[in-house]
Amino acid sequence: MKTKLFQHGHVGSGRRLVALALAIACAVPASLAPVSISAQNLPNLGDTDREELSPQMERKLGEEIMRDIRRDRDYLDDGPLNEYLNYFGSSLVAIHPEARGEAGYDYNFFAVRDPMLNAFALPGGFIGVHSALILAAQSESELASVLAHEIGHVSQRHIARMIGQQKQDALIPLAAMVMAALAARSSSNASAALMMGGQGYAMQRQLSFSRDAEREADRVGLQILGQAGFDTSGMISFFGRLQNATRAYNDSAPAYLRSHPLTTERIADIQARTRNQPYRQHADTLDFHLIRARTRVLQDLSPQGLRDAGTALENQLQQKNAIQTAAAKYGLAFLALRQGALDRAQTLLQESQASARSSGAAIKTSAYPSLAIDIKLAARQPDEALREAKAARERYPLSRGLVWQYADALIAGNKFDEAITFLRDQAQLYRSEQQLQDLLARAYAAQGKQALQHMALAESYALSGSLLAALDQLGIARRSPDASFYDQAVIDARERELQTRWREESKAGQAGQKGK
């Protein structure tokens with residue numbers, strides 16, 4: 001990704017999050033009252049509990065970061081993949097309701113395209129999973145162990161506490177600099193030593209906090225795994241695989257300088273906690289295998305990457321297992337769709353469904369109908385796609401991806417009035433979904449309604465955080481020849497709202513820069 005989020009496990013914080021956290025931390029000294037320069041009267045370091053983010057601010061921070069992530073080309077905005085992750089992750093949260101915490105977080109799980117084995121938690125209940133990690137997980141118990149660990153970070157509010165710690169620790173170098181200023185009068189060497197000592201102490205405190213947070217997340221994750229009926233050894237086996245994949249990284253620094261405890265230490269701790277627990281065998285769902293096959297195709301969309309995915313899926317067929325065959329043929333059907341081989345995609349999809357039926361496995365997500373709709377739309381068969389979408393929405397009423405595909409089918413079938421009515425109703429219910437505004441803009445454009453098209457695009461840009469682009473779209477809408485008096489009034493009101501928001505965010509950004 002352009003914005004690498006984490007380097008390992010929760011893995012602390014990503015560059016974007018670190019920048020935000022440091023901006024908060026670095027702003028603290030600037031906001032302090034002048035400190036009396038006295039070696040005996042250092043600044044009060046404060047109370048970490050009072051310094052942490054409120055749950056509301058934590059959620060807002062998470063939403064701001066998510067706006068940036070969604071704009072990244074490696075954000076996997078794939079309906080079936082995100083539907084599965086949210087279905088699976090939410091089932092873990094439901095088993096352990098305390099995970100919602102005092103703020104009652106609504107968890108959101110999503111995927112990013114990245115070759116590193118990784119997952120990460122953002123403030124406010126957003127949990128991301130790297131595509132490579134989904135492919136590396138050999139069972140749902142292993143995937144559950146990772147998600148449960150990240151849920152542990154959110155439920156324990158580790159990021160809010162980390163930022164509170166950083167705000168407190170930002171004052172330690174300040175205190176050291178005060179002492180260094182006094183010491184410099186008599187010895188420049190003493191001054192340098194004091195400054196380095198203060199910085200080192202602050203760094204060690206943050207490293208220790210992160211190691212403790214990892215251990216705590218492991219304990220909470222293990223509890224969730226047990227309550228949900230998963231094999232707790234899945235956490236041990238996956239940590240072992242993670243250890244092998246990151247051995248070069250682990251060997252590059254001594255244990256006391258790592259932000260996370262040694263993987264071997266964590267494995268030993270989990271083994272000790274699970275030693276007397278009875279073994280539980282958890283049967284993987286067909287959805288898990290279908291989504292892994294789909295992710296294999298999404299992992300690398302270059303010509304060579306798609307060829308590699310095809311080879312891996314063909315090899316999977318050699319296992320001669322009904323579920324593995326169903327998953328491999330599903331992945332190959334998705335691959336054929338990406339390559340424009342629509343007849344082959346349709347045939348492979350039907351063969352995959354036949355293997356799934358022979359396995360007797362239940363399907364809990366819309367992976368099959370979603371792919372069927374995409375194939376019909378690509379083949380320019382909007383009526384068939386619409387029939388598929390209607391039936392699928394009745395069977396999977398909570399699937400947001402099917403909502404967008406249903407609207408796609410309406411637009412493809414030139415049912416513009418029906419599409420607009422449907423999308424406007426959906427937009428009232430799901431105000432934060434950018435996809436609905438994009439689809440509305442398409443439907444309006446097909447009808448030649450320029451003002452409404454650009455007003456919908458303005459809402460789409462506003463939801464993505466691109467406020468200046470949203471204001472530009474409102475300006476275009478205002479100048480459109482079909483803009484009615486009512487449209488002009490709506491544009492004026494919305495323009496004032498966005499301008500106010502842009503000024504507030506600009507001021508906040510300037511204040512953060514001054515704080516640095």
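Values reported hereafter were calculated over all heavy atoms of this structure, with side chains retained and with hydrogens, waters and symmetry mates removed.
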Taking [Y]'s backbone N and O only, do any of them form a donor-acceptor pair with [X]'s side chain (distance below 3.5 Å, no angle check)?
X: Asp287; Y: Lys364; value: yes
X: Thr347; Y: Asp343; value: yes
X: Thr421; Y: Glu418; value: no
X: His130; Y: Met116; value: yes
X: Ser460; Y: Ala456; value: no
X: Arg113; Y: Ser131; value: no
X: Arg494; Y: Glu459; value: no
X: Asp284; Y: Ser139; value: no
X: Ser302; Y: Gly305; value: yes

I want to know whether [X] and [Y] have ring centres closer than 6.0 Å.
X: Tyr406; Y: Tyr396; result: no
X: Tyr330; Y: Tyr368; result: yes
X: Phe110; Y: Phe120; result: yes

Would the number of heavy atoms belonging to other residues, nucleotides or ligands and lying under 6.0 Å from [atom1] of [X] be above 12?
X: Arg338; atom1: CZ; answer: no
X: Asn315; atom1: CG; answer: yes
X: Tyr461; atom1: OH; answer: no
X: Arg501; atom1: CZ; answer: yes

Pair Glu83, Ser399 - check side-chain hydrogen bond (donor to acceptor under 3.5 Å, both in side chains), show working. CA-CA 7 Å; Glu83 180 184 340; Ser399 172; 3.0 Å; yes
Over all atoms of both residues, closest heavy-atom pair of [X] and [Y]:
X: Gln138; Y: Arg292; value: NE2-NH2, 4.1 Å
X: Ala409; Y: Leu377; value: CA-CD2, 3.8 Å
X: Arg71; Y: Ser466; value: NH1-OG, 4.0 Å
X: Phe230; Y: Ser141; value: CD2-OG, 3.6 Å

Rounded to the nearest 0.5 Å, how far does CG of Leu436 lie from CH2 of Trp404?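 Rounded to the nearest 0.5 Å, the CH2-CG separation comes out at 7.5 Å.
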Should Phe109 and Val129 count as side-chain neighbours, where that means a heavy-atom distance under 4.5 Å?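 Of all side-chain heavy-atom pairs linking Val129 with Phe109, none is under 4.5 Å.
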Could [X] and [Y] be called an ion pair, given the rule that one side-chain N must be under 4.0 Å from one carboxylate O?
X: Arg442; Y: Asp408; result: yes
X: Lys60; Y: Glu63; result: no
X: Arg67; Y: Glu64; result: yes

Of Glu388, Glu384, Gln405, which meets side-chain hydrogen bond (donor to acceptor under 3.5 Å, both in side chains) against Lys376?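 When Glu388, Glu384, Gln405 are each tested with Lys376, the side-chain hydrogen bond (donor to acceptor under 3.5 Å, both in side chains) holds only for Glu384.
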Looking only at side-chain N and O atoms, does Gln299 offer a donor or acceptor that is under 3.5 Å from a partner on Arg296?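 Checked: Arg296/Gln299 side chains show no N/O donor-acceptor pair below 3.5 Å.
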Verify the distance criterion only: is there a donor paired with an acceptor across the side chains of Gln426 and Arg400 at less than 3.5 Å?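 Arg400 and Gln426 do have a side-chain donor-acceptor pair below 3.5 Å.
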Any idea how Tyr84 and Phe88 line up, ring-wise: parallel (<30°), tilted (30 to 60°), or perpendicular (>60°)?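 Rings of Tyr84 and Phe88: parallel, under 30°.
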